[in-house]
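Below: one structure in structure tokens.
Chain letters run A, B, ... following the sequence lines, proteins first, then strands; residues in each count from 1.
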2 protein chains.
Amino acid sequence: MDARSAPASVEELLDRVLEVSDGLPKRLKQCADYVAANPDRVAVSTVAEMSEGAGVQPSAFMRFCQVLGFSGFSQMQRLFRDSYAQNWPDYATRLEKLRESGAGSPSALLAEFVEAGRLSLENLAKTLDPRTLDAAIKALSEANMVHIVGMRRAFSVASYLAYAFEKMNVPTMLHDSVGKLDSRHAIRAGDAVIAITFAPYSPETVALAEAGSRAGAKVVAITDSLASPLRPVTPLLLTVSEADFGDFRSLSATLSLAVALVVAVGTANRARKNGIP
Amino acid sequence: MDARSAPASVEELLDRVLEVSDGLPKRLKQCADYVAANPDRVAVSTVAEMSEGAGVQPSAFMRFCQVLGFSGFSQMQRLFRDSYAQNWPDYATRLEKLRESGAGSPSALLAEFVEAGRLSLENLAKTLDPRTLDAAIKALSEANMVHIVGMRRAFSVASYLAYAFEKMNVPTMLHDSVGKLDSRHAIRAGDAVIAITFAPYSPETVALAEAGSRAGAKVVAITDSLASPLRPVTPLLLTVSEADFGDFRSLSATLSLAVALVVAVGTANRARKNGIP
DNA sequence: CCGGACATAGAAGATATGTTCCATTTTGCG
DNA sequence: CGCAAAATGGAACATATCTTCTATGTCCGG
């Protein structure tokens with residue numbers, strides 16, 4: 001058996017598989033080929049299913065896992081499961097530990113948030129539905145005015161959207177509720193509303209989105225899950241799940257979505273103006 | 001129990017979850033929310049893991065599965081495991097596809113910004129000087145009050161910092177210049193100022209940072225290059241170079257730095273309070 | 001042609017996991 | 001305020017799954 005220890009990542013494992021597969025007995029090579037061909041199945045299958053797929057006995061598959069340096073199938077599967085879940089199972093607990101230990105240096109903390117941001121970005125690219133995005137951009141670019149609302153944590157996103165739309169010469173109104181002034185009646189039919197809210201959802205944001213919808217405006221929602229209270233309000237639901245830590249999330253993915261929205265809308269508007277001179 | 005049979009697809013299931021979640025008892029609603037927020041974990045987790053994540057007992061999660069029309073957790077999980085194989089065009093390939101699918105399409109645009117954000121994050125982790133970060137956190141955690149200033153594009157960062165510091169019970173003042181009210185004289189010796197500005201640098205931000213420095217406050221700068229006008233004002237210069245895309249930058253890295261700052265300062269404060277009772 | 005070593009298949013055993021049941025607590029209603 | 005119904009938590013139970021073991025088969029070298 002190989003003296004080296006077990007691979008620490010899926011990539012490393014696949015490299016190892018290719019490396020050793022030539023010198024392997026027949027059945028074990030079948031396993032190697034099958035794993036190399038369907039690495040994605042490992043995470044969600046049982047040994048029985050894998051071995052059947054490879055055309056071997058379960059015990060043969062077990063030996064294969066052990067040749068790779070694992071104690072058994074379960075250990076190997078854990079690797080695949082973790083990589084699928086993208087490690088954000090326990091970001092909260094990891095950071096919690098970092099904080100409790102006190103040994104968590106600021107740089108380590110920053111590294112955690114950088115990593116969380118990266119995962120959020122990847123997840124955004126993977127899960128966002130292009131059609132919903134297209135529809136949202138269409139609604140926004142056809143609007144006479146874009147109203148933006150987001151409170152508390154989401155306010156930074158709202159203010160960024162307001163800034164960027166202004167740069168793009170898109171008529172915009174940021175509903176900031178300074179002085180608790182109620183500005184919901186500024187929304188007209190033919191306008192559009194971008195409502196941003198994350199759990200715990202801010203009632204003011206939801207209320208303004210509903211008011212806008214009643215007034216005949218299209219509503220685009222940026223929120224964190226399908227369970228959002230904005231779901232009944234609009235079909236244009238852009239969901240962004242950031243890896244968060246208690247009340248904190250870095251908003252990396254949300255901001256990227258925001259800037260993409262703005263640029264797309266700005267471009268669409270310019271094209272329309274040029275196309276209809 | 002619901003007379004209808006179990007959902008046949010993940011989408012159908014999530015719809016059903018949203019539909020029934022309002023009329024559900026507390027613990028079952030926790031399950032519903034958790035599944036809605038992390039549908040991807042169902043495929044690779046055990047009941048124990050899921051129920052822990054939702055903050056309920058395994059038996060509660062079982063009941064939840066049965067309310068949905070499944071015989072148990074296993075049947076529900078099968079749904080997720082089966083659908084898993086399909087949406088596994090992984091991040092890299094997905095991004096590639098998004099880019100190819102028409103240069104100007106919104107999805108392609110989003111992919112660009114996601115990639116830009118990722119590069120910014122990696123760059124941040126690589127280039128930020130840990131000692132400067134430590135010093136900045138020390139200055140902020142020792143301050144009586146933290147003043148935050150950032151205009152235009154940087155305002156979203158400033159508002160996020162204000163929100164997050166408030167959550168951490170750190171005394172904070174956001175200088176937003178609403179109504180052009182001048183609040184610079186609120187800064188005292190023993191306070192700290194976080195000034196955020198990117199090229200083209202906002203004169204108001206620089207002016208307030210200078211005023212704070214003259215008043216005897218420590219100044220922490222978040223800016224985009226060493227050529228920043230804030231450099232003469234303070235040695236605590238945190239430089240973040242975001243990958244630009246035209247006139248827009250997504251602020252992914254800046255926001256990650258911001259949240260790391262806040263958590264580190266909040267933790268340091270708490271430690272000090274406990275250490276000096 | 002024979003003997004030994006390795007590979008294999010199948011079954012038996014150990015473990016982890018899902019599931020159910022029941023006592024206790026909470027909630028809602030008269 | 002008291003009762004009944006629902007919800008909940010925890011532990012016991014059943015089962016699916018992993019893992020190990022051994023008898024059998026196959027290949028290679030002497």
Could you pull out every donor-acceptor pair under 3.5 Å between side chains of residues 53-64 of chain B and any protein atom, sequence neighbours left out?
none

- request: Quick one: list whatever passes side chain to side chain contact (heavy atoms under 4.5 Å, CB included) with A:Ala154, sequence neighbours left out.
  value: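 Partners of A:Ala154 under the side chain to side chain contact (heavy atoms under 4.5 Å, CB included) test: A:Ile196, A:Phe198.
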Residues in side chain to side chain contact (heavy atoms under 4.5 Å, CB included) contact with B:Leu128, at least two apart in sequence or another chain: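 Residues passing side chain to side chain contact (heavy atoms under 4.5 Å, CB included) with B:Leu128: A:Leu110, B:Leu124, B:Leu133, B:Leu238, B:Leu257.
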query: Taking only residues two or more places apart in sequence, or in another chain, which ones meet A:Arg118 in a salt bridge (charged side-chain N to carboxylate O under 4.0 Å, His left out)?
result: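 Result, salt bridge (charged side-chain N to carboxylate O under 4.0 Å, His left out) vs A:Arg118: A:Glu115, A:Glu122.
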Check: A:Met76 and A:Val42 side chains under 4.5 Å, non-hydrogen atoms: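 Contact flag for A:Val42/A:Met76 side chains = yes.
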message: Under the rule for side-chain hydrogen bond (donor to acceptor under 3.5 Å, both in side chains), what residues qualify as partners of A:Gln30, not counting sequence neighbours?
response: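 Listed in chain order: A:Arg27.
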- request: Only counting residues at least two apart or in another chain, list the ones meeting side-chain hydrogen bond (donor to acceptor under 3.5 Å, both in side chains) with B:Asp33.
  value: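 Only B:Lys29 meet the side-chain hydrogen bond (donor to acceptor under 3.5 Å, both in side chains) criterion with B:Asp33.
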Span of DNA chain D in contact with chain A (heavy atoms, under 4.0 Å):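 The protein-touched segment is D:dT17 to D:dT20.
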- prompt: With sequence neighbours excluded, what pairs up with B:Ser9 under the side chain to side chain contact (heavy atoms under 4.5 Å, CB included) test?
  reply: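 In terms of side chain to side chain contact (heavy atoms under 4.5 Å, CB included), with neighbours along the sequence ignored, B:Ser9 is linked to B:Glu11, B:Glu12.
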query: Counting only side-chain N and O atoms of A:Gln57, is one of them less than 4.0 Å from OP1 or OP2 of C:dT8?
result: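 Negative; the distance criterion is not met.
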message: For a quick check, with a 4.0 angstrom heavy-atom cut-off, what is the B/S/- contact string for nucleotides 17-30 of chain C, read 5' to 3'?
response: -SBB----------
